[in-house]
Amino acid sequence: MFMSTSSPERMTRMNRFNSTVPDDEYLADSDVLFYLSDAVTQLLEHKEEYTQFGVIRYFAEYFSSVKNSNHVLFREYNYIRATPHNRASFIRVFWRCYRQIGKSGDSLSVLEYRSLLQLLCPDFPLATVQSAARIVLMDDAADCLMSFSDFLYALQLQFYYPEFLDSVLVIYQDLLAGKSPNTVIVPTSTSVEQLPSVAAEENDKEKQPQDGVEPSTLAQCVDALCDRFKRSHPPRSCMREVLEQTNRVSYYSFLLSLAKHESINQAIGALPSAAEFLMDPEMDQELDKLIAQISVSPGSNSSGSAVVGLKEVQRRASPRRNIHHRRKMEVESDGSTEETDSSEN
C-alpha cells in the first residue's frame with residue numbers, strides 16, 4: 001500500500017526555515033557545497049574573464065543565475081544532471097527555448113530533438129533522448145515523429161527520475177519472468193509483505209497473456225522500492241492512481257501515464273500544465289522587444305539587428321557561460337538562438 005510522503009525537493013525547501021535541522025544536513029540536502037565548488041572551479045578556469053568585474057560580483061551573479069535557473073545553459077551533461085534543481089532547470093530552459101515548435105504544431109524525430117538538446121548541452125547523450133522516445137512511442141517504431149509536448153513531458157520524466165525508472169524496469173522484468181524481486185523485502189519496513197511464491201507466479205504466467213504484469217503486484221514492489229530509495233522518485237499517490245486504472249500494465253504504458261500526469265509536473269515544478277504549455281508571457285514579451293528593435297531600423301540588415309538584440313540579452317545572462325560553447329552556439333544555432341538567449345531573462 002502506498003503512503004503519502006513529501007517529496008525530497010519540498011523537504012529541502014522547508015529545511016531552510018527549520019532551525020532544528022543540522023547545518024551539515026541542510027548543506028547536503030540543498031547542494032550548496034556543490035554549487036560553491038563549481039563556482040570556484042569556474043572562477044579559476046576563467047579568472048581573466050570574471051575577475052575584471054570583481055570576485056564578489058561574480059559570486060553574486062553565479063548564485064543569482066542558479067536561483068533563476070539560467071546556470072545550466074551550455075553546460076556539460078554531468079553538470080546539468082548533477083542535482084534535482086539542475087535537472088528541473090534544464091527541462092524548463094529547453095521548453096522556453098523551443099516552445100515555438102509546439103505552437104507551430106511541428107513533429108520531430110529522435111535525432112532532431114537530440115540536435116535541439118545539444119544546442120543547449122553539447123554532449124547531451126542520444127541514449128537519454130531514445131529513452132524518452134520509447135515512453136512516447138511505447139517502445140515501438142523509434143523513428144516515428146513526436147509532437148513537442150509529448151516528447152518534452154516524457155523527457156521530463158526520464159531526465160528527472162532516471163535512477164528510479166531504471167530500478168522499476170528491473171522489477172518489471174523480474175515480474176515478467178516470474179521472479180520475486182529482491183526489492184519487495186525491505187528490512188526497515190514492517191508493513192511490506194512478501195509476494196506470492198515463484199511457483200505460484202509461474203502458474204499465473206501460464207494463464208495470462210504476456211503483455212504486462214498485475215498492477216497490484218507492481219504497486220507493491222514499487223512501494224517497497226520507494227521505502228529504501230535514496231534519490232528522488234515520483235509521488236507515491238500518483239503512481240498508485242496510475243496503477244489502479246488498469247487491469248494489466250506494461251513498463252512503458254506505466255511510464256507514459258506518469259509522464260502525462262499533472263502530479264508529476266507539480267512535483268518537479270519545471271513545466272506548466274498541459275493547458276498552459278504553449279503560454280510564456282515573459283518570453284513573448286522579450287521576443288516582441290527583439291522584433292521591435294529590428295523594425296525600427298528599416299535601413300539595416302534584419303539579421304544584424306537581431307544579433308545586436310541577442311547580445312544585449314547575453315550580457316544579462318549567467319556569469320557561467322563557457323566562451324567556447326557560446327561561440328559555437330552563435331555559429332550553429334542561428335534562428336533557435338533567438339529563443340535560447342531570450343529565455344535567460
Side-chain angles (χ1 to χ4, degrees), residues 1-5 7-8 81 84 87 125-142 153-261 263-264 267:
M1 177 185 241
F2 283 88
M3 301 175 61
S4 298
T5 57
S7 67
R81 68 189 295 272
R87 296 180 185 190
L126 177 60
T128 302
V129 187
Q130 291 173 328
S131 296
R134 291 190 186 100
I135 297 175
V136 177
L137 304 172
M138 300 290 286
D139 199 27
D140 185 34
Y153 282 124
L155 179 67
Q156 173 179 243
L157 180 72
Q158 179 63 48
F159 184 65
Y160 196 81
Y161 299 116
E163 300 86 1
F164 184 79
L165 299 187
D166 288 344
S167 297
V168 172
L169 178 58
V170 172
I171 291 174
Y172 175 80
Q173 291 173 337
D174 284 347
L175 291 176
L176 206 58
K179 301 177 182 178
S180 294
N182 293 330
T183 52
V184 175
I185 307 302
V186 183
T188 58
S189 175
T190 59
S191 60
V192 179
E193 298 179 357
Q194 189 172 1
L195 289 179
S197 66
V198 173
E201 292 175 355
E202 289 291 347
N203 292 333
D204 292 339
K205 185 175 69 171
E206 293 177 358
K207 299 176 183 179
Q208 297 171 341
Q210 291 304 300
D211 57 352
V213 300
E214 288 288 343
S216 59
T217 304
L218 181 61
Q220 184 181 8
C221 296
V222 169
D223 190 51
L225 175 64
C226 292
D227 285 339
R228 66 186 227 175
F229 204 71
K230 303 301 182 182
R231 295 175 178 264
S232 299
H233 59 75
R236 298 193 191 203
S237 59
C238 173
M239 293 188 285
R240 177 183 60 192
E241 180 180 338
V242 166
L243 291 172
E244 287 177 347
Q245 294 177 352
T246 180
N247 295 324
R248 202 79 183 160
V249 63
S250 69
Y251 175 71
Y252 285 106
S253 66
F254 176 51
L255 265 55
L256 181 60
S257 297
L258 287 180
K260 294 182 176 181
H261 204 288
S263 294
I264 298 293

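Start at 1 with the first residue, then count along the sequence. Just so you know, these numbers use all the heavy atoms, side chains as well, and skip hydrogens, waters and symmetry mates.
- Looking at heavy atoms from C-beta onward, Cys221 lies out of side-chain contact with Val168 at the 4.5 angstrom threshold.
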Practice item. With side-chain contact (heavy atoms from CB on, under 4.5 Å) as the test, would you mind laying out the steps for Arg236 and Asp227 before giving the verdict? Key: CA-CA 10 Å; Arg236 298 193 191 203; Asp227 285 339; 2.8 Å; yes
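- Legend: residues meeting ring-ring contact (aromatic ring centres under 6.0 Å, His included) with Phe164, ordered by chain and number and at least two apart, are Phe229, His233.
- Proximity of Arg231 to Ser167: side-chain heavy atoms (C-beta onward) are nowhere separated by under 4.5 Å.
- Annotation: the span from Leu255 atom CG to Ile135 atom CD1 amounts to 4.5 Å, rounded to 0.5 Å.
- Checked against side chain to side chain contact (heavy atoms under 4.5 Å, CB included), Ser131 has the following partners two or more places apart in sequence or in another chain: Arg134, Gln158.
- Between Leu157 and Leu256 there is no side-chain heavy-atom pair separated by less than 4.5 Å.
- Between Thr217 atom OG1 and Leu175 atom CG the span is 6.5 Å, to the nearest 0.5 Å.
- Remark: the backbone N or O of Val242 is not paired with any side-chain donor or acceptor of Thr246 at under 3.5 angstrom.
- At most 12 heavy atoms of other shown residues, nucleotides or ligands fall within 6.0 angstrom of atom CG in Asn247.
- Under the rule for a side chain to side chain donor-acceptor pair (under 3.5 Å), the partners of Ser250 that lie at least two apart in sequence or sit in another chain are Ser253.
- Shown here are the ring-ring contact (aromatic ring centres under 6.0 Å, His included) partners of Tyr153, two or more places apart in sequence or in another chain: Phe277.
- Only one option out of Leu165, Leu176, Val213 pairs with Tyr251 in a side chain to side chain contact (heavy atoms under 4.5 Å, CB included); it is Leu165.
- Residues Arg248 and Gly212 approach most closely at NH2-O, 2.9 Å, considering heavy atoms.
- Separation of atoms CZ (Phe159) and CZ (Arg87) is listed at 6.5 Å; rounding is to 0.5 Å.
- Residues Pro235 and Ser263 come closest through the heavy atom pair CG-O, 4.2 Å.
- Partners of Leu126 under the side chain to side chain contact (heavy atoms under 4.5 Å, CB included) rule, at least two apart in sequence or in another chain, are Val110, Leu111, Arg114, Gln130.
- Looking at residues two or more places apart in sequence or on another chain, you find no side chain to side chain donor-acceptor pair (under 3.5 Å) involving Arg81.
- For the residue pair Tyr161 and Ser232, the shortest heavy atom distance occurs at CD2-O, 3.6 Å.
- The heavy-atom pair separating Leu243 from Pro215 by the smallest distance is O-CB, 3.1 Å.
- For the side chain to side chain donor-acceptor pair (under 3.5 Å) test, residues two or more places apart in sequence or in another chain that qualify with Glu241 are His261.
- Taking every heavy atom of both residues into account, Phe254 and Leu218 meet most closely at CD2-CD2, 4.4 Å.
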